Amino acid sequence: MTQRLKRPNLSRRSFIRAVGGAALALPFYELAYRGLRSSFADVSGGARRLIVFYFPDGVAGPSADGSPSVWDPTGPERGFTLPEQLEALNPWKDHVVFLKGLSMGGTDSGSHPGGAKKLLTGVDGGNGESIDRFLARTAGAGAPHRHLFLGAMANQNSASGDKHISYLSPGTTAPPEDKPWQAFERIFGKKPDGSGGGGSGDDTDASIIDAVLGDLSDLRGKLGDTEKSKLDLHLEGLREVERRIKGMAPMPTPGTCDMPRIDVAGIDDKNAYDPALFPKLLRAQTDLMVQAMACGLSQVGVLQCSMHTSELIMSRFPGTEMYDPGFDMRSHQASHYGPSHDKSKREYRDYLLQRRWFVSQFAYLLEQLKARPEGDGTMLDYSVVLLCSEVSDGNTHSHDNMPFLLAGRGGGTIVPGRLLNYSGRRHGDLLCSIAHSMGQRVAGYGQGSSGPLPGLLK
């Protein structure tokens with residue numbers, strides 16, 4: 001299932017001539033030609049990227065009174081039914097592997113910090129390198145930005161240490177970038193407040209754009225799959241400019257490689273930790289992650305939503321199921337819903353709504369990946385996307401039957417649309433499987449790991 005990019009028979013001079021002297025084409029040339037010169041696009045393991053989506057404080061798993069998890073799907077390997085917490089993934093069932101029974105081991109079980117330390121390292125106490133950092137320096141080493149660590153209020157109250165899930169080395173974490181406008185400028189080299197294009201609207205400008213579109217369409221046939229995907233994004237950007245000039249349609253929301261954009265209107269350093277703005281901040285960070293990867297700027301990224309034992313007031317999220325401006329319900333507060341799954345208790349009802357919301361944001365990430373063409377499919381087909389939290393049940397803080405989901409086809413290395421049960425197997429085997437999907441044939445990953453999960457990889 002290995003797919004390698006074929007280097008096009010195209011000289012630097014002919015490439016410049018093909019994109020033609022048009023200033024609109026230059027951003028794509030700089031990006032695409034850099035990709036041709038590097039080994040970044042030479043994918044050896046199928047999956048071209050890893051994105052980790054983390055949310056805090058677990059799920060409504062097996063309760064203290066012995067009631068079963070209300071997170072796990074029910075039914076056979078195929079044709080299973082999703083529970084209330086996973087309802088937003090019903091349209092995405094064929095793109096996700098739902099995993100049951102994975103354990104992070106007994107050490108520090110019952111602890112949020114202990115779970116956060118093991119989550120991506122597979123090692124007790126965070127005494128290892130996390131899988132995202134390992135893959136950033138191996139499979140993703142040729143990318144302009146080896147690793148993207150984007151947070152949504154993940155540094156609130158000067159959080160540090162075990163509040164952050166990405167480990168550079170044993171015991172050493174780094175903070176995510178919480179301000180998407182700063183991350184955008186670092187990644188794309190400009191501020192996110194400009195539209196990235198424009199024109200006078202006369203026939204001369206329109207004819208120049210038409211000519212560039214024709215030249216780049218001819219060029220498309222000479223490129224490999226990865227560069228074709230980048231070029232398609234660029235062509236769409238030029239068509240957007242053309243439509244604006246001719247007055248045919250308003251500028252659509254999605255960004256492109258030459259005109260990247262995120263919506264951070266009304267957010268600045270002064271209100272970056274206002275809980276009412278959390279949904280908008282997370283959406284901006286998600287859009288930024290996808291655009292950066294679509295443009296070949298990174299292969300490995302982590303989206304960290306808040307932090308464990310989160311004080312995020314989710315009842316202040318406007319337009320959501322849990323919105324209640326007269327009552328402050330925090331994530332960690334709701335996770336301590338009591339010994340049973342009792343919907344008569346407000347904490348439990350709100351906890352379910354909170355988990356549903358985080359899953360819906362994961363679904364949005366999948367939607368954005370699927371909307372962008374790549375190779376013979378979409379970005380989602382060539383991605384591995386991990387959904388995770390640091391504990392299983394939020395009330396018991398168990399480290400067993402962890403809430404892991406794996407989305408994407410990993411470039412053909414993963415067969416999604418299944419429910420797989422591993423009955424106590426260590427989660428390091430999942431991390432090992434992710435490494436294998438990106439061409440890194442490690443024997444295991446973390447303590448107690450014995451190799452890739454059987455039946456997960458194709």
Side-chain angles (χ1 to χ4, degrees), residues 52-77 80-87 89 93 96-124 131 165 308-309 331-332 334-342 348 351-352 354-356 358-359 362 386-407 416 418-434 445-450 452-456:
V52 176
F53 186 100
Y54 163 87
F55 66 96
D57 301 326
V59 300
S63 65
D65 69 356
S67 299
S69 170
V70 291
W71 168 269
D72 292 329
T74 55
E77 179 177 339
F80 50 86
T81 301
L82 298 184
E84 181 180 358
Q85 291 175 92
L86 293 175
E87 192 172 38
L89 292 179
K93 285 174 66 176
V96 179
V97 180
F98 297 85
L99 301 164
K100 293 172 61 175
L102 290 175
S103 172
M104 295 201 299
T107 302
D108 291 328
S109 183
S111 161
H112 285 279
K117 292 174 182 178
K118 291 187 284 186
L119 183 61
L120 297 182
T121 65
V123 182
D124 296 342
I131 187 65
I165 62 171
H308 70 71
T309 55
S331 172
H332 187 227
S335 74
H336 285 278
Y337 59 82
S340 64
H341 298 152
D342 183 358
Y348 182 68
Y351 188 56
L352 290 178
Q354 292 175 0
R355 306 308 100 180
R356 282 167 55 87
F358 280 124
V359 172
F362 181 70
L386 174 66
L387 177 73
C388 59
S389 191
E390 82 282 355
V391 294
S392 175
D393 180 73
N395 185 62
T396 65
H397 304 163
S398 170
H399 292 181
D400 294 326
N401 194 29
M402 292 296 296
F404 294 127
L405 306 180
L406 202 64
R418 296 182 294 157
L419 171 61
L420 301 179
N421 192 342
Y422 289 102
S423 301
R425 195 168 178 124
R426 289 297 292 263
H427 87 293
D429 291 350
L430 171 60
L431 305 181
C432 177
S433 300
I434 291 171
Y445 207 90
Q447 293 168 314
S449 175
S450 55
L453 289 171
L456 176 59

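Worth saying up front: this structure is predicted, and the values here are computed from it rather than measured.
Residues passing the side-chain contact (heavy atoms from CB on, under 4.5 Å) test with Val123 are Thr121, Asn127, Gln447, sequence neighbours excluded. In this view, Arg418 and Glu77 satisfy the salt bridge (charged side-chain N to carboxylate O under 4.0 Å, His left out) rule, not counting sequence neighbours. For Ala334, the side-chain contact (heavy atoms from CB on, under 4.5 Å) partners two or more places apart in sequence, or in a different chain, are Met329, Tyr351, Gln354. Contacts of Asp108 classified as side chain to side chain donor-acceptor pair (under 3.5 Å), with partners at least two apart in sequence or in another chain: none. The ring-ring contact (aromatic ring centres under 6.0 Å, His included) check on Tyr348 picks up Tyr337, His341, with sequence neighbours excluded. Looking at residues two or more places apart in sequence or on another chain, you find a side chain to side chain donor-acceptor pair (under 3.5 Å) between His399 and Lys118. Legend: residues meeting side chain to side chain donor-acceptor pair (under 3.5 Å) with Ser111, ordered by chain and number and at least two apart, are absent.
At least one cation-pi condition fails for Lys100 and Tyr422: the charged atom is not both under 6.0 angstrom from the six-membered ring centre and inside a 45 degree cone around its axis.
His308 contributes no side-chain N or O that, together with a main-chain N or O of Ala116, makes up a donor-acceptor pair within less than 3.5 Å.
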Please table the atom pairs, donor to acceptor, closer than 3.5 Å between any side-chain atom in residues 55-70 and protein atoms at least two apart or in another chain.
{"residue": "Asp57", "atom": "OD1", "partner": "Thr309", "partner atom": "N", "Å": "2.8"}
{"residue": "Asp57", "atom": "OD2", "partner": "Ser310", "partner atom": "N", "Å": "3.2"}
{"residue": "Asp57", "atom": "OD2", "partner": "Ser331", "partner atom": "OG", "Å": "2.6"}
{"residue": "Asp57", "atom": "OD2", "partner": "His332", "partner atom": "N", "Å": "3.3"}
{"residue": "Ser63", "atom": "OG", "partner": "Asp65", "partner atom": "OD1", "Å": "2.4"}
{"residue": "Ser63", "atom": "OG", "partner": "Ser67", "partner atom": "N", "Å": "3.3"}
{"residue": "Asp65", "atom": "OD1", "partner": "Ser67", "partner atom": "N", "Å": "3.0"}
{"residue": "Asp65", "atom": "OD1", "partner": "Ser67", "partner atom": "OG", "Å": "2.8"}
{"residue": "Asp65", "atom": "OD2", "partner": "Ser67", "partner atom": "OG", "Å": "3.4"}
{"residue": "Ser69", "atom": "OG", "partner": "Trp71", "partner atom": "N", "Å": "2.9"}
{"residue": "Ser69", "atom": "OG", "partner": "Asp72", "partner atom": "N", "Å": "3.3"}

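Side-chain contact of Glu390 with His112: a donor-acceptor pair under 3.5 Å is present, judged by distance alone. No side-chain donor from either of Ser392 and Asp400 sits under 3.5 Å from a side-chain acceptor of the other.
The salt bridge (Lys or Arg N to Asp or Glu O under 4.0 Å) contacts involving residues 419-430 comprise Arg425-Asp429, where partners must be two or more places apart or lie in separate chains.
In plain terms, the two heavy atoms of Phe362 and Ala407 that are nearest each other are CZ-CB, 4.0 Å.
Taking the six-membered ring where the residue is Trp, Phe98 and Phe80 present perpendicular rings, their angle passing 60° and hence far from 30°.
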